[in-house]
Amino acid sequence: MNPKPNIVNLPVYKPGKPIEEVKKELGLKDVIKLASNENPYGSSPNAKAAILAELENLYLYPDGSAAELTSALANHLGVRNDSIIFGCGSDEIIALLARAFFLPGDETIMADQTFSVYKSNADIEGAVSIEVPLAHGTHDLDAMLARVTERTKVIWICNPNNPTGTIVPEEALITFLNAVPAGVMVVLDEAYCEYVTDLSYPNGIKLLESYPNLVVLRTFSKIYGLAALRIGYGVASPQIISLINKVREPFNTSRLAQAGALAALADQEYVQECRRLNSAGILQLQAEFKRLDLAFFPAHGNFIMVDVRKPAAEIFDALLRRGIIVRAGHKLYPTYIRVTVGSAEQNKAFIAALEQVLQEQGVQV
Ligand SMILES: *Cc1c(COP(=O)(O)O)cnc(C)c1O
């Protein structure tokens, strides 16, 4: 059998280690997962109730167009219904964009340390990824612009950037969008936008009117606390949405996901509360990192990239043995770990474990 040659050497995505696996492997009773930027407070209780009620309808196919959820979201965002597409997580929207737009040999531009799903989907379609170095952990928009050629199809801007947590401010983004050729798509991945409190942070939805080549990605997996349901969305011009809709599977989001998302969207008070708690958590962790003399990138999402001054894999393993799962393995930042902002209690447990581990490893703290 002959697979597509470009997929043979693709790496399989390595997710954050699951809690169940760590408990079993290490014989631990209590494990704290701060590895996948999940919401430590879970979802709105209204979402759980809506999902329970929906269990009555498991024998029915979902509404493939997610009409009710689309209307509610369009209303919430102030956009037209036909500007929205839902996916099995916003991961799927990335895959649909790649499927609909890339031909082998097309070029696509992204940061050299960003969400890996952009490159993996480009690879699958045989598109060439141009990876542009971050500057101080932030997208270097001028350098990205300088790499645009006639072959460029899509530029990916992750804002805040995963894993560094930095943001591109509004002014810089607008200058960039004004300079990008109209035929090049810009995908603005705003998976963490609801967490951002910095006033310079742009609202991608507002920019859609001025830039018809813009696509904004958002998700119910992060602040809405519904990662298990697998539901995210893209917002763009009706023309782009109708193109991606052609390559979407007919029933790509489930009844449970649509019901949960609808209820979660309606509970904006819950979102506000999570945002408030997250901001407090960032301050808590940053104060501890300063005390431990560890450098970190400015954090705007619900995670922080911190320099542990030792090979990150060793710190990862040592934390794991203490029942704390974080994220390491960032090729360009070999001494950094990415840690999700947990509850105050989880953050405290993480810092206590980190301090012990660093002392054992001979780091002056
Ligand atoms: C988590 C994440 C997503 C998507 O998550 P889904 O669960 O697929 O919606 C997209 N982009 C970034 C940068 C993320 O961190």
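None of these values were measured; they are calculated from a predicted model. Whatever order the structure lists them in is the order used to number ligands and atoms, beginning at 1.
Under 4.0 Å is where a charged nitrogen must lie from a carboxylate oxygen, and between Asp112 and Lys331 no such pair does. Between Glu20 and Lys23 no salt bridge is recorded (no basic side-chain N to carboxylate O distance below 4.0 Å). Salt bridge annotation for Arg99-Glu249: present, with a cationic side-chain nitrogen under 4.0 angstrom from a carboxylate oxygen.
Phe289 and Phe350 have perpendicular rings, their planes meeting at more than 60° on a 0 to 90° scale where under 30° would count as parallel. Below 30°, between 30° and 60°, or above 60°: for Tyr333 and Phe297 the angle between ring planes is above 60°, a perpendicular geometry.
Contacts of Arg321 classified as salt bridge (Lys or Arg N to Asp or Glu O under 4.0 Å), with partners at least two apart in sequence or in another chain: none.
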Which pairs of nitrogen or oxygen atoms, taken one from ligand 1 and one from the protein, are under 3.5 angstrom apart?
| unit_1 | atom_1 | unit_2 | atom_2 | d |
| --- | --- | --- | --- | --- |
| ligand 1 | 7 (O) | Ser221 | OG | 2.5 |
| ligand 1 | 7 (O) | Arg230 | NH1 | 2.6 |
| ligand 1 | 7 (O) | Arg230 | NH2 | 3.3 |
| ligand 1 | 8 (O) | Ser90 | N | 3.2 |
| ligand 1 | 8 (O) | Asp91 | N | 3.0 |
| ligand 1 | 8 (O) | Asp91 | OD1 | 3.4 |
| ligand 1 | 8 (O) | Asp91 | OD2 | 3.4 |
| ligand 1 | 8 (O) | Arg230 | NH2 | 2.8 |
| ligand 1 | 9 (O) | Ser90 | N | 2.7 |
| ligand 1 | 9 (O) | Ser90 | OG | 3.2 |
| ligand 1 | 9 (O) | Thr219 | OG1 | 2.5 |
| ligand 1 | 9 (O) | Ser221 | OG | 3.4 |
| ligand 1 | 11 (N) | Asp189 | OD1 | 3.3 |
| ligand 1 | 11 (N) | Asp189 | OD2 | 2.6 |
| ligand 1 | 15 (O) | Asn162 | ND2 | 2.9 |
| ligand 1 | 15 (O) | Tyr192 | OH | 2.5 |
| ligand 1 | 15 (O) | Lys222 | NZ | 3.0 |

